[in-house]
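Reading through the structure tokens given below for one structure.
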Number of protein chains: 2
Amino acid sequence: MIFGWDSIRREVLRRIGQREWPPGMLIPTEQDLATEFGVARATVNRALRELALAGVLERKRRAGTRVALLPVRKATLDIPVIRQEVEARGHAHSFRLLTHEAREAPVPVTSRLGLPEGALLLWIETLHLADGQPFAFETRWLNPAILPDPGPDFTQISVNEWLVAHVSYTLGDISFCAARASAREAKVLGVTLGEALFITERSTWAGPAPITLVRLAHGPGYRMQALV
Amino acid sequence: MIFGWDSIRREVLRRIGQREWPPGMLIPTEQDLATEFGVARATVNRALRELALAGVLERKRRAGTRVALLPVRKATLDIPVIRQEVEARGHAHSFRLLTHEAREAPVPVTSRLGLPEGALLLWIETLHLADGQPFAFETRWLNPAILPDPGPDFTQISVNEWLVAHVSYTLGDISFCAARASAREAKVLGVTLGEALFITERSTWAGPAPITLVRLAHGPGYRMQALV
DNA sequence: GAGTGGTCTAGACCACGGA
DNA sequence: CCGTGGTCTAGACCACTCG
């Protein structure tokens with residue numbers, strides 16, 4: 001029975017799935033569907049809006065709503081704090097601060113963060129462990145301007161956690177790739193030289209001010225799962 | 001000025017970012033905010049609902065709305081058809097069907113798809129090219145039960161595209177990892193043996209019926225980007 | 001110009017779950 | 001219990017864009 005916007009969403013999905021509404025077809029207007037289902041137009045709108053967001057429908061004013069021809073499926077990734085990620089797998093998280101020093105950032109870094117050439121940033125290397133075994137090798141450029149004086153003790157709290165707790169929510173971008181382990185990465189992660197690593201790279205910003213550029217290298221066996 | 005639910009969303013984000021509302025704080029109720037902003041409660045609800053979905057707020061009936069302590073950031077991935085992905089990069093897409101035969105699926109495959117042991121599935125290998133250069137090596141188990149008789153000509157249309165055009169929208173799961181190139185992968189993709197590949201694995205379903213299990217191997221240089 | 005989706009309003013009922 | 005968020009309604013105005 002039709003009860004609530006979600007059941008309307010599912011009914012529309014069913015009609016699309018059964019090809020009652022094939023790809024490319026113009027489906028009835030919100031008002032028509034509202035009448036058919038005996039609900040208010042706002043309820044239909046909520047259902048169709050979610051489906052459009054998911055890439056199943058394409059909506060245009062005046063033109064109406066169509067079943068997407070090539071549905072660009074959307075998947076959602078959770079980007080947890082590493083400690084949570086490790087603990088969610090049932091392991092104990094710990095970390096070792098390997099390097100923590102001011103360095104002149106190379107041009108690719110400064111340009112990506114929109115800083116002047118030769119800017120002095122903090123270079124921080126952290127090894128994250130799960131039950132004492134290497135889990136991920138984090139290398140990070142951090143803008144010192146955002147730190148209080150005196151700075152936090154990053155041997156006690158990981159940079160990652162300090163940032164989410166003390167720096168405002170930000171936008172940024174995230175990308176993933178595969179790369180072979182360098183000599184240093186192999187040594188730190190305890191894998192063979194040239195092993196395939198899963199790399200996550202993030203840059204984060206507080207409004208216009210760059211905060212950090214971080215690279216996470218995960219050893220073999222790491223899988224990132226997404227919900228579709 | 002406050003105008004529309006999105007400006008309310010941004011104003012709430014601003015207050016969180018400026019630490020007027022620090023992590024863990026209970027923020028005012030929808031009704032209070034509606035009064036403050038001079039809008040209806042439904043408008044505030046829309047704004048706060050989006051922020052809760054994004055992991056910035058945590059909402060509970062009766063308990064109210066809190067700023068998330070450890071914000072699980074959500075990133076959204078687009079999962080396009082490969083042809084679109086190649087063309088979006090400004091290249092011409094083509095593909096070569098390398099293998100197409102019925103095979104007894106190994107146990108890991110049948111169990112993951114919920115099929116009986118020893119089920120006969122189609123085993124399909126496709127190489128996707130961008131401007132004639134190897135782009136991705138697709139290996140796929142396909143449930144023949146979903147194909148019409150006679151089956152489509154997969155030398156003319158890629159399996160990927162035939163499926164999105166002819167099989168109903170489905171749910172599934174998707175995961176990513178890194179792996180070293182096997183001898184066959186190295187040969188097909190034209191990379192050196194043991195090179196780091198970026199692997200995408202998807203399973204898709206039509207309701208209870210399994211459709212396909214696909215593995216995409218991308219050569220070095222591939223980056224997957226997500227929006228945060 | 002007119003039809004469509006996008007949004008807002010003011011009010012209502014309800015489920016949940018903390019006090 | 002009872003306040004909170006989740007949802008729905010009936011109606012309205014508006015922005016966009018197609019014909």
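Please read these numbers as outputs of a predicted model, since none were measured by experiment. Throughout, a chain's letter reflects where its sequence line sits, starting with A, and its residues are numbered from 1.
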ask   = Pick the nucleotide of DNA chain C nearest each of Leu48(A) and Ala42(A); which residue has the one closer to the 5' end?
value = Leu48(A)

query = Within the structure shown, what part of the strands sits under 4.0 Å from Arg41(A) by heavy-atom distance: base, sugar-phosphate, or nothing?
reply = base

note = B/S/- along nucleotides 14-19 of chain C (protein heavy atoms under 4.0 Å) is -BBBBS

remark   = Asp32(A) CG to dG3(C) P, in whole Å, measures 13 Å

task = Could you state the atom-to-atom distance from CZ of Arg59(A) to P of dT4(C) in whole Å?
result = 12 Å

inquiry  = For Arg61(A), give me all partners under salt bridge (charged side-chain N to carboxylate O under 4.0 Å, His left out), at least two apart in sequence or on another chain.
reply    = none

note = Heavy-atom nearest nucleotide on DNA chain C taken for Asn45(A) and for Gly64(A); more 5' hit belongs to Gly64(A)

ask   = How about Thr139(A) and Arg215(A): does a side-chain donor come under 3.5 Å of a side-chain acceptor?
value = no

Please tabulate, for the side chains in residues 221-228 of chain B, all donor-acceptor contacts under 3.5 angstrom to protein atoms that are two or more places apart in sequence or on a different chain.
from      : atom 1 : to        : atom 2 : distance (Å)
Tyr222(B) : OH     : Glu85(B)  : OE2    : 2.7
Arg223(B) : NE     : Ser175(A) : OG     : 3.4
Arg223(B) : NH2    : Ser175(A) : OG     : 3.0
Arg223(B) : NH2    : Glu201(A) : OE1    : 2.7

inquiry  = According to ring pair (Phe, Tyr, Trp, His ring centres under 6.0 Å), who are the partners of His166(A), at least two apart in sequence or on a separate chain?
reply    = Trp162(A)

task = Check for a donor-acceptor pair, side chain of Asp131(B) on one end and backbone N or O of Ala92(B) on the other, with a separation under 3.5 Å.
result = yes

message = Counting C-beta onward and ignoring hydrogens, is there a side-chain heavy-atom pair between Ile8(B) and Leu33(B) closer than 4.5 Å?
response = no

inquiry  = Can you pull out every ring-ring contact (aromatic ring centres under 6.0 Å, His included) where at least one residue sits in residues 42-93 of chain A? Sequence neighbours excluded, please.
reply    = His93(A)-His128(A)

query = Quick one: do the Asp153(B) and Thr155(B) side chains pair a donor with an acceptor below 3.5 Å?
reply = yes

message = Students should find this one: the first and last nucleotides of DNA chain D, 5' to 3', lying under 4.0 Å from a heavy atom of chain A. What are they?
response = dT7(D) to dG19(D)

